[in-house]
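Have a look at the structure below, then the notes.
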Amino acid sequence: MPGFELFGETEKAQVNDVLESGVLMRYGFDGMRNGHWKARSLEEALASRMQTKHALLVSSGTAALTVAMAAAGIGAGDEVIIPNFTFVASFEAVLALGAVPVMVNIDDTLTLDPSAVEKAITERTRAIMPVHMCGSMADLQALSAIAKSHGLLLIEDACQAIGGSYQGKPLGSYGDLGCFSFDYVKTITCGEGGALITNNTGFYRNADHYSDHGHDHIGYDRGAEKHPFLGYNFRISELNAAVGLAQIARLDEFLAIQKSNYNSLRQALESVSGITFRRVPEGGVENYSFLNFFMPDQLSAARAKKALSEAGLDGCFYWFDNNWHYHRKWDHFKQLKTLGPVSKEVLEGLPQFSDAHFEASDHWIGRNISCLIKLGWTEDEVHSRAAKMAEVLRKIP
Ligand SMILES: *Cc1c(COP(=O)(O)O)cnc(C)c1O
């Protein structure tokens, strides 16, 4: 998955443009910047590739989630439904706004289970946030129908699935707002960075202002700009945007490599009895950043993870035991360990998360192995890896 694997001359050339002018900021300094607007150009390229009216770059994927929700008016006490298999950024972003993250089960897509979402809706629910984990998507048609019938926002976290699609639409563009991360280990990278996309011009304008202290970005004098509402600083720098501008031009090249490597591994594992694969919703195309499969039970999955590591097959994750991606080890969240006092809305609104509620997620994640697909493997490396994986997994009792 990581764009850093294929970092080269085009990235350096883009960064050099910025270094030569010395304008490291995305706004202003028009006369000094030799016509280079890296953040703006990357936004144009992203909106065009994702077929949306608008794209806004920010400082990280976590910032993108925060700004997206803020732009849509989510705030204190509002409930946002998130999956309990995700990255910690999901609940961090919700909490940052004083809103309440409500975790629910996933299904065999490894993303939000629509029926679990429906059950979690209350009068305080404002948004559903599917997270397209490990390269594949949630059932967006079902989730969108639920969102519409309850008057909720659908905000897609497509940080791990950029370039995938659903019913012909790029992931991130299906909901009201979609978010990407360009951190160092994502499919394409800015070093650090993120973006949101939307067709809603009001949300875009809010996001544009909010991510830059509320500046309305009207006119040529930053000091004279008005502030229609309060904001914060989630800006990206021109240096980071320059890296991303080179990388987005290579997105489709990266996806083709991932797909080919993924198919080689998958073909080999299909011959191993007992192994099944994650369900991809009908009409969905993965971005092939991970190959996810299920072992027959939790014990065999734990054994498979150990055997793969011992055979030197790196990059295969057993999320069930992972601190970052699965609810079981999020004690800091479940016990609300914060540095300062927590707002009354969050304190009173946060559900009591007890592991007993998440049997369905445990059933799927407990059996899942998730293998990172690298861009840098040679053809020989892919084929020997595929053969070795199948050999190791065939021996798991
Ligand atoms: C990486 C990631 C994020 C956060 O992105 P950062 O740029 O690292 O802040 C959010 N959600 C998911 C699913 C991610 O994988």
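Atoms within each ligand, like the ligands themselves, are counted from 1 in listed order. When a residue number appears, it is its place in the shown sequence, counting from 1.
Using a 4.0 Å cut-off between a side-chain N of Lys or Arg and a carboxylate O of Asp or Glu, Arg124 and Asp78 do not qualify as a salt bridge. We find that Glu43 and Arg26 are joined by a salt bridge, their nearest charged nitrogen and carboxylate oxygen being less than 4.0 Å apart.
For atom 11 (N) of ligand 1, the closest heavy atom belonging to the protein is Asp157 OD2, 2.8 Å. Nearest to atom 1 (C) of ligand 1 among the protein's heavy atoms is Lys186 NZ, 1.7 Å. For atom 9 (O) of ligand 1, the closest heavy atom belonging to the protein is Thr62 OG1, 2.5 Å. The closest protein non-hydrogen atom to atom 3 (C) of ligand 1 is Phe87 CD2, 3.5 Å. Of all protein heavy atoms, the one closest to atom 15 (O) of ligand 1 is Gln160 NE2, 2.9 Å.
Identified under the disulfide (SG to SG under 2.5 Å) test for residues 257-323, with sequence neighbours left out: Cys316-Cys371.
For ligand 1, the atoms sitting less than 4.0 Å from at least one non-hydrogen atom of Val131 are 13 (C), numbered in the order shown with element in parentheses. Within the listing of ligand 1, atoms 1 (C), 6 (P), 7 (O), 8 (O) sit less than 4.0 angstrom from a heavy atom of Asp183.
Under the 4.0 angstrom criterion for non-hydrogen atoms, Gly193 is in contact with ligand 1. Residue Glu192 places every heavy atom at 4.0 Å or more from ligand 1. Using a 4.0 Å heavy-atom cutoff, Thr86 is absent from the residues neighbouring ligand 1.
A distance below 6.0 Å separates the ring centres of Phe358 and His327. The distance between the ring centers of Phe91 and Trp330 falls below 6.0 angstrom. Taking the six-membered ring wherever Trp is involved, the centroid distance between the rings of His227 and His215 falls below 6.0 Å.
For ligand 1, the polar-atom distance check against His325 finds no nitrogen or oxygen pair separated by under 3.5 Å.
Shown here for Tyr210 and Phe229, the closest heavy-atom pair between the two residues is N-CE1, 3.9 Å.
Residues satisfying the side chain to side chain donor-acceptor pair (under 3.5 Å) test with Trp377, not counting sequence neighbours, are none.
One side chain, His217 or Asp212, offers a donor N or O that lies under 3.5 Å from an acceptor on the other.
The backbone and the side chain of Ser60 each have at least one atom closer than 4.0 Å to an atom of ligand 1 (non-hydrogen atoms only).
Across the listed options Cys134, Ser181, Ala63, Ala89, Ser181 owns the non-hydrogen atom lying nearest to atom 5 (O) of ligand 1.
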